[in-house]
There are 2 protein chains.
Amino acid sequence: MATKYDRIAADLRRKIQQGELPPGAQMPVETVLLREYRVSLATLRRALDQLAAEGLIHKQHGRGTFVRTPRQRLRRTSTRHQWEKDRARLPIGERFGTGSAERDTGLQMGDFDFSAEYFPDAVADEDLAEAFGIPVGTRLLERTYRTVLKAEESPLGLGRSFLIYDMIAVNPELLDASSEPWPGGTQNQLYTIGIELDRIEERVISRPPSLEEAESLRIDPGVAVFALRKVSIDTTGRVVEVADSIFGGDRTELHYVIQLERWK
Amino acid sequence: MATKYDRIAADLRRKIQQGELPPGAQMPVETVLLREYRVSLATLRRALDQLAAEGLIHKQHGRGTFVRTPRQRLRRTSTRHQWEKDRARLPIGERFGTGSAERDTGLQMGDFDFSAEYFPDAVADEDLAEAFGIPVGTRLLERTYRTVLKAEESPLGLGRSFLIYDMIAVNPELLDASSEPWPGGTQNQLYTIGIELDRIEERVISRPPSLEEAESLRIDPGVAVFALRKVSIDTTGRVVEVADSIFGGDRTELHYVIQLERWK
DNA sequence: GAGTGGTCTAGACCACTGT
DNA sequence: CAGTGGTCTAGACCACTCC
């Protein structure tokens, strides 16, 4: 026999998928469900936690439990990098207005709240030193990003980017957080100091969110995150940027195109 | 104040990371931990479930709870596709011996148990029909794979691949499961019927495992899986293969290289 | 059969949100 | 303050593994 919590979860899942409990609706409160299913609180909560891990419902302490709008997963494409490179040398007027996040989501600049903080006194720890191929303790510019969709409460993703301080300091504008959001993105910033990217390497793992990540991404218990490390390598083979991003696992879809060389 | 289960989980995590509870060792049994931390069973189990979700421990009903060997995450690279394409036209002797899974892991053919099942009477459902761009009901060859590392209990991944039946039937060998593992992989199989791939598109999401997936991948409660859909497109623009793979989220690392075009 | 983890109960009390 | 979900307890009984 399947467990009680499995059967309760399956029953509620069916009610959601068949529209009996429509998107946005408040779920019956725990006391009602307890009466309805005649189980103990622990059993009921286990069933609800299962649905929350699937991203079907969203529990809010003190407010209630709600059916999630079947949110389109945010698509993050690998072609964004070539697209960004193509625009990096355009005049500012053409760079302005939309960035790669807008391209991926099909939304406009104004739909986003985009906030960045700059920390010009970061230093490379062991992990970053290895990723860059530089000595531990090298001075870095650290930038943290948080991209929030105005229509929603929770950020799409969190990001931390690292650049080698001495490499970029030749353009003081790049050290200044008030220039954000920079039209054309990082690849244009690098272009202003004569750097062209050759390739980008991305490494993706899945893991449970940290406490802070779960909080700021408004992740329900049980939902994993994508942790993505992007390493940008320029045409001379140097690592010029290392960036770590976190995306909610229930809201994100990663999309990669691998172009193959023709047979001769 | 942090919760009790958070403090217990943090304490045990520290003991594991500091080597007090070494990899492979059995964790103290629940009754001991209950005495040690003076909490109720539900609280203790919540702490242990948290560690299991992180992949630090592995619970086995009836046997005990064990510290996981800090297993290297299996790296699955995007360059494997180009590598496989380069080998697709080599004579059989050179194709034999190692495939792309071996290349990614650095292991030899003999380290794997590789099993495949063929279902020549599959038909395209709505989802597959859309992915292929063919009518619903079109006949497909479905192949399911399970790659098991002999040194470990659990499979590295599960896979289901779909090919259009009429497209590949011109080479009857391709319809025969007993030819597996086919030296040179799917790209060589396609080469035998005159198909060259132009590009591969991969779509990755994270979600909780189904009951069957959790069972066959030996996934602990709370660990998410990567669900990867690979779509292969040939030089004429046709979709020639659609393959879905499932990887344990705590054991897998996806690696992508995005090569950029030079500025002119 | 002894020992392990898995399910489940019936409660108590706490913390957060809104009015 | 009323109403919601979050934490926690002290038990009972079940299911699986191994000797």
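Bear in mind that the values here come from a model prediction, so they are computed numbers and not experimental data. Naming: A, B, ... by sequence-line order, numbering from 1 per chain.
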Remember a base hit wins even if backbone is also touched, and classify A:R45 as base, sugar-phosphate or nothing at under 4.0 Å, heavy atoms.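 A:R45: base contact, heavy atoms under 4.0 Å.
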Hey, does B:L48 reach any base, or is it just sugar-phosphate, or nothing, if we go heavy atoms under 4.0 Å? nothing
For the pair [X] and [Y], find out whether any cationic side-chain nitrogen is under 4.0 Å from an anionic carboxylate oxygen.
X: B:R73; Y: B:D250; value: no
X: A:E117; Y: A:R146; value: no
X: B:R160; Y: B:D244; value: no
X: A:D6; Y: A:R13; value: no

Check the distance between [N]'s [atom2] and [X]'s [atom1] and give it to me in whole angstrom.
X: A:L44; N: C:dA10; atom1: CG; atom2: C1'; result: 14 Å
X: B:K4; N: D:dG6; atom1: NZ; atom2: C1'; result: 14 Å
X: B:R7; N: D:dC8; atom1: CZ; atom2: P; result: 8 Å
X: B:Q26; N: D:dT17; atom1: CD; atom2: P; result: 15 Å
X: A:Y37; N: C:dT9; atom1: OH; atom2: P; result: 14 Å
X: B:E30; N: D:dT9; atom1: CD; atom2: P; result: 14 Å
X: B:L33; N: C:dG6; atom1: CG; atom2: P; result: 13 Å
X: B:L41; N: C:dT7; atom1: CG; atom2: C1'; result: 10 Å

For the side chain of [X], starting at C-beta, report the closest nucleotide among [options].
X: B:H61; options: D:dT7, D:dC16, C:dT9; answer: D:dC16
X: A:T43; options: D:dC8, C:dT7, C:dT9; answer: C:dT9
X: B:A42; options: D:dT4, D:dT9, C:dG5; answer: D:dT9
X: A:T65; options: D:dC8, D:dG5, C:dG5; answer: D:dG5
X: A:T3; options: D:dC8, C:dT7, C:dT9; answer: C:dT7
X: B:S40; options: D:dT9, C:dG11, C:dT7; answer: D:dT9
X: B:Y5; options: C:dG18, D:dT7, D:dT4; answer: D:dT7

Check whether any side-chain nitrogen or oxygen of B:R63 sits under 4.0 Å from OP1 or OP2 of D:dC18, and answer yes or no. yes
Want to settle it: does A:K59 or B:V39 sit nearer the 5' end of DNA chain D, counting the closest nucleotide to each?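 Closest to the 5' end, via its nearest nucleotide, is A:K59.
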Looking at A:E202, A:R203, A:E201, which one forms a side-chain contact (heavy atoms from CB on, under 4.5 Å) with A:K230?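 Answer to the side-chain contact (heavy atoms from CB on, under 4.5 Å) test with A:K230 among A:E202, A:R203, A:E201: A:E202.
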